Amino acid sequence: MIQNLPVLIILLPLCAALLSLLLTRINRNLSKYVLTLAVLASLVLSVYQLHLVVTEGTIHYTVGNYQTPYGIELVIDSLNALILVVIEIISFMTVLFAENFGVKRKVVQGGARALIGLLITGLLGMTSTGDVFNLYVFLEITSLSAYCLIALGGSRGVVAAYKYMLVGTVAATFYLLGVGILYSATGTLNMADMKDILSQGVYDDVMLVSMSFLTIAFGIKMALFPFHGWQPSAYAHAEPGTRPLITGVMSKVPALAMFRFFYMIYGTDFKYMKLLLVIIGILSCLGMIYGSVFAMMQKDIRKILAYSSVAQIGYISLGFAIGTPIALAGAFLHMMGHAFMKGGLFFCTGAIRYKYGTSDINDFGRIYKQMPLTCGLLTVAALSMIGIPPTAGFFSKWYLASGAAENHQWIYIAVLVLSSLLNAVYFFRLIEKVFIQKSAGLKERWKSEVLELPFTIILPIVVCFVAILGIGIFNVKIIDILLMTLEGVGL
Amino acid sequence: MMTTISTFLAARGIYILTLILLSLGVAGIIVCNNYMKKLICMNIMQVAVIFFFLCFGQKAGGTIPVAMNDAVTASQYINPLPHGLMLTAIVVSLGTTGVGLSLLFRIKEKYGTIEEDDLIKRQRDKELNKNVEEGKNK
């Protein structure tokens with residue numbers, strides 16, 4: 001049982017997702033309980049797996065006992081294990097949260113649960129796989145379920161989903177092409193095996209061609225600056241209940257895959273690595289400025305958060321571009337922190353929308369009186385986005401900056417500071433609206449004497465609040481766990 | 001001169017054709033105004049990648065990968081793996097096309113058009129109408 005841990009974590013949500021349409025036919029709520037329990041079980045297992053990895057080292061799991069270069073391998077190192085736990089926490093809370101927004105028709109409800117389950121499966125699979133083609137399959141599972149979930153968000157959501165589908169398929173096709181080129185040179189699909197063969201250094205030009213395809217593919221999937229066109233409308237118009245999962249986690253996992261290709265398959269000895277890192281660095285700097293400036297121009301809070309995601313993804317790829325172990329650890333810390341910040345901010349907007357039915361920030365005047373918890377998370381997450389201690393955002397930016405200083409890349413630090421200041425402009429505007437502006441006198445749609453919101457919305461908000469501060473305060477512990485893998489991988 | 005070109009084409013020509021097919025697909029997605037045509041171009045692009053895998057999986061003088069009495073070494077068989085991978089890719093492409101067609105169906109239902117510029121115009125009109133109504137209510 002325990003030796004099958006890595007695959008169980010992926011299989012539990014998959015089974016629940018596949019069963020959910022059938023179970024909904026029997027009883028409306030049955031599939032809800034099954035999916036929630038499956039994700040909860042998978043969350044517990046992933047925490048236990050993190051403990052195992054930290055104490056005993058990397059887990060290699062061969063699916064079906066086919067030996068490694070031929071069969072599919074799941075590799076769980078300390079990096080994967082941490083990201084898996086973050087994905088599981090956000091997924092579990094999203095499953096609870098989404099029930100408040102669900103469509104009322106029976107079939108659609110079952111289908112939506114199945115799609116959430118499949119999205120979770122795809123994300124978990126992409127994180128833990130050690131096989132490049134398996135990564136493609138999980139990438140497509142993630143994308144297809146995400147297209148459908150975005151399309152469930154009303155008539156604008158359908159158009160956004162269609163546009164995302166066209167661009168996302170270009171990305172998947174380019175990924176396949178890059179993998180095909182690598183496969184034709186090396187004859188293997190296993191990541192570790194591929195690294196051994198490529199490190200002989202005879203395939204440098206082939207690797208450059210495939211790398212350009214792979215960079216574009218992952219760039220589109222993670223919404224890196226010039227490839228972000230699909231992202232704002234898709235994030236803003238997705239199904240409101242599942243937005244935290246889509247915005248918080250879905251763009252981080254391709255970033256992890258990109259890191260795997262850069263540092264764990266190509267390796268730092270690759271001839272064109274320096275050139276590649278400079279290009280990624282320039283793109284992320286441009287993205288950080290562009291995203292922040294465009295976020296300042298928006299009125300709809302969903303659009304503000306979507307454009308700020310373009311900037312935040314820039315921080316993560318900037319960490320990859322700097323490339324020292326500390327900067328890489330900073331990038332991953334930011335990945336985890338940002339999953340909670342952006343997820344949390346979308347939990348907040350969902351909560352406000354649930355209570356008042358609005359998402360225009362001009363209507364948010366003094367809602368802190370009615371929704372203290374929600375506004376507390378809104379404030380902490382906004383401060384963390386700007387980077388004020390002791391929140392998660394400060395420490396990830398700190399590690400990124402110290403990594404850049406180690407490499408004498410002062411321009412990166414300048415852009416980092418500039419982008420943080422721009423963040424401050426629009427997040428303080430949001431805080432001002434919530435606390436100071438005159439109340440717009442909105443009508444409450446949901447009322448209760450005891451709680452400000454239903455329990456399933458309160459729980460995610462509290463968990464995100466704790467997680468943002470927790471990641472900030474215990475950052476040294478997390479960085480230590482990350483460095484177990486990153487030491488020796490970076491420049 | 002002619003012989004070098006023809007040997008080059010015999011060895012590598014198929015890859016050039018595949019590349020042209022791929023670029024046609026990508027260009028079509030960017031240039032076409034009609035969403036249905038974009039979907040077709042997306043399919044063309046996917047087929048180009050499938051061709052690419054099948055081409056490098058090919059081997060002169062190799063036979064199908066089923067155990068035969070007169071062929072004993074691995075070099076006498078073609079590699080079945082690219083074909084296996086492409087079966088998966090075809091299934092994925094079928095799924096994507098299905099999702100794409102159903103999304104198109106919904107777009108047509110909600111906006112009454114699948115031309116991109118018409119759609120943008122109608123979205124903007126809808127937004128304007130909504131704002132005007134909100135203004136009246138206030």
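All values reported here derive from a predicted model rather than from experimental measurement. Throughout, protein chains are lettered first and strands after them, A, B, ... in sequence-line order, and every chain is numbered starting at 1.
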Counting only non-hydrogen atoms closer than 4.5 Å, does [X] touch chain B with its backbone (N, CA, C, O), its side chain (CB onward), both, or neither?
{"X": "A:Ile181", "value": "both"}
{"X": "A:Val167", "value": "neither"}
{"X": "A:Tyr162", "value": "both"}

To the nearest 0.5 angstrom, please state how far the [atom1] atom of [X] sits from the [atom2] atom of [Y].
{"X": "A:Tyr70", "Y": "B:Leu81", "atom1": "OH", "atom2": "CG", "result": "11.5 Å"}
{"X": "A:Leu177", "Y": "B:Gln46", "atom1": "CG", "atom2": "CD", "result": "12.5 Å"}
{"X": "A:Tyr183", "Y": "B:Asn79", "atom1": "OH", "atom2": "CG", "result": "4.0 Å"}

Item to check | Pairs of heavy atoms under 4.5 Å with chain A: top-ranked of B:Ile29, B:Val26, B:Leu39 | outcome: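 Option with the top pair count is B:Leu39.
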Item to check | Among the listed options B:Thr88, B:Leu85, B:Leu104, the residue most often paired with chain A at heavy-atom distances under 4.5 Å | outcome: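 It is B:Leu85.
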Item to check | Other residues, nucleotides, ligands: >12 heavy atoms within 6.0 Å of B:Tyr77 OH | outcome: yes
Checklist entry - Is the number of heavy atoms from other residues, nucleotides or ligands within 6.0 Å of OH (A:Tyr66) greater than 12? => result no
Work out which heavy atom in [X] is nearest to a heavy atom in [Y]; give both atom names and the distance.
{"X": "B:Leu103", "Y": "A:Ala151", "answer": "CD2-CB, 3.3 Å"}
{"X": "B:Phe53", "Y": "A:Gly180", "answer": "CZ-CA, 3.3 Å"}
{"X": "B:Met45", "Y": "A:Val170", "answer": "CE-CA, 3.7 Å"}
{"X": "B:Thr96", "Y": "A:Leu144", "answer": "CA-CD2, 3.9 Å"}
{"X": "B:Gly100", "Y": "A:Met165", "answer": "CA-SD, 3.3 Å"}
{"X": "A:Gly154", "Y": "B:Lys110", "answer": "C-NZ, 4.3 Å"}

Checklist entry - Given the rule in the side chain to side chain contact (heavy atoms under 4.5 Å, CB included) test, do A:Leu176 and B:Ile50 qualify, once you have shown the distances and angles that lead to the verdict? => result CA-CA 9 Å; A:Leu176 201 56; B:Ile50 294 172; 5.9 Å; no
Next on the checklist: As a quick check of understanding, evaluate side chain to side chain contact (heavy atoms under 4.5 Å, CB included) for B:Leu119 and A:Val159, giving each step before the final call.
Outcome noted: CA-CA 9 Å; B:Leu119 187 80; A:Val159 180; 3.6 Å; yes
With a 4.5 Å limit on heavy-atom distance, are the side chains of [X] and [Y] in contact?
{"X": "B:Val92", "Y": "A:Tyr136", "result": "yes"}
{"X": "B:Glu116", "Y": "A:Lys163", "result": "yes"}
{"X": "B:Lys126", "Y": "A:Ser155", "result": "yes"}

Item to check | Segment of B:Tyr35 engaging chain A (4.5 angstrom heavy-atom cut-off) | outcome: both
Item to check | Contacting region of B:Glu109 [heavy-atom separation from chain A under 4.5 Å] | outcome: neither
